[in-house]
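Residues: numbered from 1 along the sequence shown. For clarity, every value in this text was computed on a predicted model and none was experimentally measured.
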Amino acid sequence: MNTETAHDVLTILHTNDLHSHFENMGILAAIAGDYTDQLGRDHVLLVDIGDHMDRMSPETEGSEGGANIDIINMTGYDAVTIGNNEGLTYTSPILNQAYAGIICPVVCSNVIEHESGIPPVWMRTHQVIQKGTWKIGLIGATAPYGDFYDLLGWDVSEPVSSLRPLIDQLRSEVDLLVMLSHLGLSADQKLAEQLPEIDVILGGHSHHVLDRPLWVGSTVLGAAGKFGQYMGQMTWQKDTLGGRAHLLAGGLIAITENMPREEAVEAAIVLHRQRAEERMSRTVAMLEAPLKIDYERESPLGNLLAQAVRRYTGAELSIVNAGQLLDELPAGEITESLLHRLCPSPINPCITLLRGSSIRRALEQSLLSEFTHKAIMGYGFRGKILGCLCVDGLKITCDLARPAYQRITGLEINGQPLQDDQEYSVGSLDMFTFRIGYDSLSESGGVTYMLSEFIRDLLRSELQTPGTVQSCAGPRWFMV
C-alpha cells in the first residue's frame with residue numbers, strides 16, 4: 001500500500017457487552033493504544049456498542065457507573081451507545097450524573113424523554129466525526145423495552161422510523177455511515193435489509209460472535225461477543241471515484257489473560273474497586289444466626305426473599321426463585337457489599353395477575369430437578385441455576401411419591417383453597433414475565449413493573465423490619 005493510499009484507510013475497533021468485566025478493560029485499552037500509536041489517531045475509530053455497565057460489578061455498583069465512564073475516557077473511545085444495562089438499571093438522575101463526565105459522544109437515535117420530547121442532555125441522535133480525510137457518520141439504537149423505559153420517563157421507539165431521516169441527512173455528507181446497534185443480531189440483519197444505505201452495523205445485545213464480517217446486501221455487520229473476550233476490528237478504504245467505502249479486512253482479536261495491559265487503566269480500576277468497597281461497607285443489619293439457602297427445597301433465606309417481595313408489592317402472595325441468592329447470609333454484620341455479592345442480579349419486583357392453574361403448574365415444576373437445576377442466562381439473571389420456587393402467603397401440601405405434576409395435594413391462600421380458574425395478584429420477578437425458567441408465571445392477565453428497586457434492596461429492607469427473620473423460618477411447603 002503506497003503512502004497516498006494509506007491516508008485513505010481507516011481502522012474501526014469496536015467492543016460490546018463488556019458488562020463491567022474490568023479484568024479485560026486494561027487489555028482492550030492497550031490494544032487500542034497500540035493501533036493508535038502505529039496508525040495514528042486520524043486512522044483509528046474506537047467505539048463501544050452498549051452494556052459497558054453492569055451493576056453485578058462492585059466497581060460499577062459502588063460508583064453508580066462512574067468507574068465505567070472513567071475507563072471509557074481513559075481508553076480513548078471516540079463514541080459509545082447505551083444498552084439496556086445502562087438504560088434500565090439506573091434512574092435518569094443517576095445517568096445524568098454519570099454521563100456528565102463522559103468525554104466522547106453518546107450516540108443513540110431512538111430515545112427521547114417524555115417530559116422534554118428530546119433525548120437526554122448527554123445523548124446525541126447522531127454524530128459526524130472527522131478522522132483525517134474521513135468524515136464518519138454515526139447513528140445508534142438501543143433495544144426498545146417499552147414498558148420499562150416508560151416507567152423511567154423515556155420513550156424508546158422501534159429504530160427504523162428514528163433512523164430513516166438521519167440516514168437521509170447524513171448519507172451524502174459522509175464517507176462512511178456507521179450504526180452502533182444494541183438491538184441483537186436478528187434486528188441488525190433486518191435493519192441492513194430495510195436501510196441499505198448504512199455501510200456498517202456494529203452490533204451487541206445478543207452477545208453474538210462474528211469472527212468475520214457478515215454481509216447483508218451492501219451492509220457489513222460486525223460484533224465481538226461479550227465480556228471483553230474479543231475486540232472487533234475492521235479496515236476500510238475510500239472509493240477513489242467517490243462512491244461508498246470498501247471493506248479491506250475484518251475480524252476479531254481474541255483477548256487472553258497474558259496480553260499486555262494499559263497500566264494507567266489498571267491502576268484506575270484498582271482505585272475504583274477500593275473506593276467501591278469503602279462505600280459499600282456500611283452495615284445494614286445484624287444476624288444472630290446464619291440464614292441458609294437451598295436450591296432444591298424451601299429454606300429460610302429463600303422465604304425471606306419471598307416475604308420481602310410480597311411486603312414491597314402488597315400482593316396477595318409472592319413467588320420467587322431461590323437461584324437469585326448465590327450463598328447463605330452469615331451470622332454477624334450484614335453489609336451492603338455482602339448483600340450485593342449475595343444477590344447481584346439487576347432484577348426488579350413486579351405484580352402479575354395469574355390464574356390459580358398457572359401458579360399450580362409452576363409449583364409442580366419446582367418439585368422437579370430439571371427445573372431447579374436448570375442453567376439460566378440473560379434477562380438480568382446473574383445466578384447460575386434457576387432453583388426451586390420460594391413463596392409467601394401460600395400453604396402447599398405435597399406428596400413426592402406421586403407422579404410428576406400430580407404431587408401437590410393441597411394449595412391454600414389465607415386458609416382457603418386456591419382456585420384454578422381464579423385470578424390472583426402475585427408479587428414476583430420481572431424476568432418471569434419474559435418466559436424465563438417457569439413459563440407458566442408469564443401467563444399473566446396484566447403486569448405492573450416496579451422500578452427502580454432491585455430485589456437486594458428489598459432484602460435489605462426486610463432484614464431491617466422487626467420479626468421478619470423469625471417468620472422466614474416458618475414452613476410454606478408441607479410434605480406428607
Side-chain angles (χ1 to χ4, degrees), residues 15-22 25 47-75 77-127 138-157 159 162 180-183 204-205 272 275-276 279-280 340 344-348 379-380 382 430 449-454 456-457:
T15 58
N16 61 273
D17 297 281
L18 294 185
H19 285 275
S20 290
H21 277 256
F22 286 91
M25 292 183 190
V47 294
D48 183 79
I49 321 299
D51 275 6
H52 193 287
M53 298 180 189
D54 194 315
R55 292 181 64 177
M56 179 178 181
S57 158
E59 294 90 343
T60 301
E61 180 74 357
S63 66
E64 294 187 328
N68 298 76
I69 299 302
D70 189 29
I71 301 308
I72 287 172
N73 289 341
M74 295 183 69
T75 302
Y77 280 91
D78 292 294
V80 302
T81 194
I82 67 163
N84 47 288
N85 269 265
E86 286 91 3
L88 291 177
T89 64
Y90 284 117
T91 62
S92 291
I94 292 176
L95 287 177
N96 291 344
Q97 179 177 332
Y99 282 110
I102 198 167
I103 295 173
C104 69
V106 181
V107 180
C108 192
S109 311
N110 66 329
V111 174
I112 60 172
E113 295 175 329
H114 289 167
E115 187 173 338
S116 67
I118 59 176
V121 65
W122 45 268
M123 183 184 290
R124 305 180 189 181
T125 59
H126 64 286
Q127 182 73 28
L138 296 177
I139 53 179
T142 196
Y145 291 98
D147 291 343
F148 291 92
Y149 279 120
D150 187 63
L151 291 171
L152 292 170
W154 286 4
D155 178 21
V156 180
S157 61
S162 301
L180 312 181
S181 169
H182 197 84
L183 299 172
H205 186 50
H272 281 297
R275 288 177 176 173
R279 291 167 181 161
M280 297 169 67
H340 179 264
S345 301
I347 297 282
N348 299 111
Y379 294 93
R382 301 293 184 262
D430 57 19
Y449 296 107
M450 307 184 76
L451 307 181
S452 57
E453 296 294 309
F454 289 157
R456 59 175 170 267
D457 300 316

Passes side-chain hydrogen bond (donor to acceptor under 3.5 Å, both in side chains), Ser20 versus Asn68? Steps please. CA-CA 7 Å; Ser20 290; Asn68 298 76; 3.2 Å; yes

Taking the side chain as every heavy atom from C-beta outward, state whether Val80 and Ile72 have any atom pair closer than 4.5 Å. yes

Sub-3.5 Å donor-acceptor pair from the side chain of Asp17 to the main-chain atoms of Gly204, do we have one? no

Heavy atoms, side chains only, cut-off 4.5 Å: are His19 and Met56 in contact? no

Tell me whether His182 contacts the main-chain N or O of Ile82 through its side chain, where contact means a donor paired with an acceptor under 3.5 Å. no

Set of residues satisfying salt bridge (charged side-chain N to carboxylate O under 4.0 Å, His left out) with respect to Glu86, sequence neighbours excluded: none

With rounding to the nearest 0.5 Å, note down the distance linking OG1 in Thr142 to CG in Asn85. 9.5 Å

What one should report as the nearest heavy-atom pair of Ser57 and His340 is C-CE1, 3.7 Å

Side chains of Arg456 and Arg55: does their closest heavy-atom pair fall under 4.5 Å? yes

Using salt bridge (charged side-chain N to carboxylate O under 4.0 Å, His left out) as the criterion, list what pairs up with Asp457, not counting sequence neighbours. Arg460

Residues Ala143 and His205: closest non-hydrogen pair is CB-NE2, 3.9 Å

In short, Tyr449 meets Leu151 closest at the heavy-atom pair O-CD1, 3.2 Å

Please examine the side chains of Cys104 and Val47, heavy atoms only from C-beta on, and report whether any two atoms are closer than 4.5 Å. no

Beyond-backbone contact of His114 with Trp154, side-chain heavy atoms, under 4.5 angstrom: no

With heavy-atom distances below 4.5 Å as the criterion, would you say the side chains of Ile112 and Ile118 are in contact? no

Residue pair Ala276 / Glu59: nearest heavy atoms and the distance that separates them: CB-CA, 4.1 Å

Is there side-chain contact between Val111 and Pro119, with heavy atoms separated by less than 4.5 Å? no

Do Asp54 and Arg382 have side chains that get closer than 4.5 Å, going by heavy atoms? yes

Show me, pair by pair, the donor-acceptor contacts under 3.5 angstrom made by side chains of residues 93-102, not counting sequence neighbours?
unit_1: Asn96; atom_1: OD1; unit_2: Trp122; atom_2: NE1; d: 2.8
unit_1: Asn96; atom_1: ND2; unit_2: Ser92; atom_2: O; d: 3.3

Judged by atom type as modelled, is there a donor-acceptor pair below 3.5 Å linking the side chain of Asn16 to the main-chain atoms of Gly50? no

How are the rings of Tyr145 and Phe148 set relative to one another: parallel (under 30°), tilted (30 to 60°) or perpendicular (over 60°)? perpendicular

Indicate yes or no for a side-chain donor-acceptor contact from Ser109 to the backbone of Gly140 under 3.5 Å, with no hydrogens or angles considered. yes

In terms of heavy-atom contacts, does OH of Tyr379 have more than 12 from other residues, nucleotides or ligands at under 6.0 Å? no

Under 3.5 Å, is there a donor-acceptor pair between the side chain of Ser345 and the main chain of Ile347? no

